[in-house]
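Notes follow the structure.
Just so we're on the same page: letters track the sequence lines, and every chain starts at 1.
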There are 2 protein chains.
Amino acid sequence: MPVSPLQDPDVAAIRQFNRFHTRLVGALNERMLASDYSLAQVRILYELANARPDAPPSARDLGDILQMDAGYLSRLLSGLESDGLLARTPSPENAKRLALTLTERGREVFSGLNEASAREVASLLSGLPAEARGQLTGAMARIRRLLGDTPDTRAFILRDPRPGDLGWVIHRQAALYTQEYGFDWTFEGLISEIAGKFVREFDPARERCWIAEMEGEVVGSVFVVRQDDEVAKLRMLYVDPVARGRGLGRALVEECLRFARGAGYRRMVLWTNDILVSARRIYEAAGFELLEEEHHRSFGHDLVGQNWGRDL
Amino acid sequence: MPVSPLQDPDVAAIRQFNRFHTRLVGALNERMLASDYSLAQVRILYELANARPDAPPSARDLGDILQMDAGYLSRLLSGLESDGLLARTPSPENAKRLALTLTERGREVFSGLNEASAREVASLLSGLPAEARGQLTGAMARIRRLLGDTPDTRAFILRDPRPGDLGWVIHRQAALYTQEYGFDWTFEGLISEIAGKFVREFDPARERCWIAEMEGEVVGSVFVVRQDDEVAKLRMLYVDPVARGRGLGRALVEECLRFARGAGYRRMVLWTNDILVSARRIYEAAGFELLEEEHHRSFGHDLVGQNWGRDL
DNA sequence: CCCGATAAGTTGACTGAAGCAACATAGTCA
DNA sequence: TGACTATGTTGCTTCAGTCAACTTATCGGG
């Protein structure tokens, strides 16, 4: 029995946000739209300024991108041309298409508008402390990611942990494993304790933690801890679903192996569970071998724990 | 030396999000705008449908709210009136102002549009698993909060923890204390370990944890743990800055006291540090007394630890 | 009780945004 | 070469929205 979407609190929350953000963007654009150029013209300038110089778009391309009527567009382009902001030159290979490029003056005008718009945003930010800005951009990145907006750069970076990262990794991992495998909160307790112990007994020479970041968001982690002088242990390998399929897991494990070799270890071991298949594949690819398995009951499930290891 | 706002990655991230969201909202509204009514008319219907029935707005009120030209508005209202969607009746106390109210038909039309819009949003959500929805609305709530949009209801609720909450609380608290007091990451390690130990040794009859939620976001927490049969210990009281000044800290502590009494404890104690002044005030107001202080070096600072306690 | 001031609302005239359709022109392919 | 298609231009129209002049109603003060 389908309930009305009006009853869904998530739907209500999103619509409320949409109203809020639409108003916000309206306010930000208000002053900018008081310029000599209409919104449509500014959008054209934006596209042209951001186009690849070796492949300038034609009027048709612009129409497709901006979803504008060809006739309307033609007039707008004429206006911009007679203002000296853009040049229409026949493409070398296809004389039917007119290549559109910004003139020097066009670039100046656009960068003026662009900077004004950036200033508006900057003044919005000026009242916020650095931590709040990070939260703001992080939340925005998350929304885009969740709604399938492909970020420009999907590269990840590995870095040392900063305060707050451990909690974040615990939070995400607990939420993820609860959702995917039905783990109960004892899992979150376990990883909290592991993380806390790691910090308390931290030996910088022989232990390390990496945080993976993509688009400003934490999307992965891994820890190397000392088991004994000869053996390092890899713990809490975590790869967020949004970052899967990009070799992040492999990169994290390889970073661990490299560090462990440099720190003088002879061997690396790790403990995992059989149901974590994607992790298993990473370990196999990184040269680990399954040593032994034992049944145990944890996190509300009957699981098969696995010990893996490899020489360095 | 002020750098150009174009250089600021936060500004760039926000502008990118703004473009993304504007496009998204445009796509969501596309079908709805294909209805018989223009955006301006729909906005009017929205305002009227959401107005307090005992204080129907006048044309002037609407103009102020919607930032519309009075003449334009007048025409739009005429159109809606002749379509039978709204009634203009003179206000009893001020005959100059015409009270605008939706007719039965107006309410029907609006709820049709409203539902169509909600359906669009619902179909956007339909592809997302429950966890992603929670993240989405959470991120949206955070943005609104950070940018100072006052939510309709600023009430908080206290609830039991769910998987992911512990990590979130650790994350937030570590970020907060790092920013406000310069604590290093050993603080995060400590609270992670405390949280983990709490879960491992959890005794449902005598221990408990509350998570405070406001607008769907976790904004506070507190733990009660057993010290011995007679004495309960309050730990990890955390109140997010955004929730301050609403009595959340007091509510959390009182919940603890109530629970501790019910669980048969005779006394409650807690440990804190002198620099956490806002926490101190909460403890004092809740009847705790400072028992002893000791100097210690932790989290990268010289601190004064305090033991507080009160009988139940 | 009336008169000016003012608030609320209406109407006419106008501008710019945007879409549609007919048309011109240049390339493409049989 | 001729039919066809892609690209762009122009004329016409509609609608959204603004401005200013105007009407009407209310209110306060003499």
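Atom pair A:Tyr37:OH and C:dA17:P shows a separation of 13 Å (rounding to whole Å applied). Atom CG of A:Leu98 and atom P of C:dA24 are 18 Å apart (whole Å). Between B:Asp36 atom CG and D:dA16 atom C1' the separation is 17 Å, expressed in whole Å. Following rounding to the nearest Å, B:Arg60 (CZ) and D:dT26 (P) show an atom-to-atom distance of 17 Å. Here the P atom of nucleotide D:dT18 and the CG atom of B:Leu66 are 12 Å apart, to the nearest Å. Atom CG in A:Asp64 sits about 13 Å away from atom C1' in D:dG8, given to the nearest Å. If you take CE of B:Met68 and P of D:dA16, they are 11 Å apart, rounded to a whole angstrom.
Between A:His21 and A:Phe17, the angle of the ring planes stays under 30°, which puts this pair in the parallel group of the 30/60° scheme.
Residue whose closest nucleotide on DNA chain C sits further toward the 5' end, between B:Ala59 and A:Leu39: B:Ala59.
At distances below 3.5 Å, not a single donor-acceptor pair connects side-chain atoms of B:Asp83 with backbone N or O atoms of B:Leu85. The backbone N or O of B:Asp61 lies less than 3.5 Å from no partner atom in the side chain of B:Asp64, so there is not a single donor-acceptor pair. In this structure, the side chain of A:Arg250 does not engage the main chain of A:Ile282 through any donor-acceptor pair within 3.5 Å.
The phosphate of D:dA16 has neither OP1 nor OP2 within less than 4.0 Å of any side-chain N or O from B:Arg43. In this structure, A:Arg88 reaches the D:dT9 phosphate: one of its side-chain N or O atoms is under 4.0 Å from OP1 or OP2.
Under the side-chain hydrogen bond (donor to acceptor under 3.5 Å, both in side chains) criterion, A:Arg159 pairs with A:Asp165, A:Glu213, not counting sequence neighbours.
Of the residues in residues 69-82 of chain A, those placing a heavy atom less than 4.0 Å from an atom of DNA chain D are A:Ala70, A:Gly71, A:Ser74, A:Arg75, in numerical order.
Residue A:Leu45 forms a side-chain contact (heavy atoms from CB on, under 4.5 Å) with just one option from A:Leu102, A:Leu86, A:Asn50, and that option is A:Leu102.
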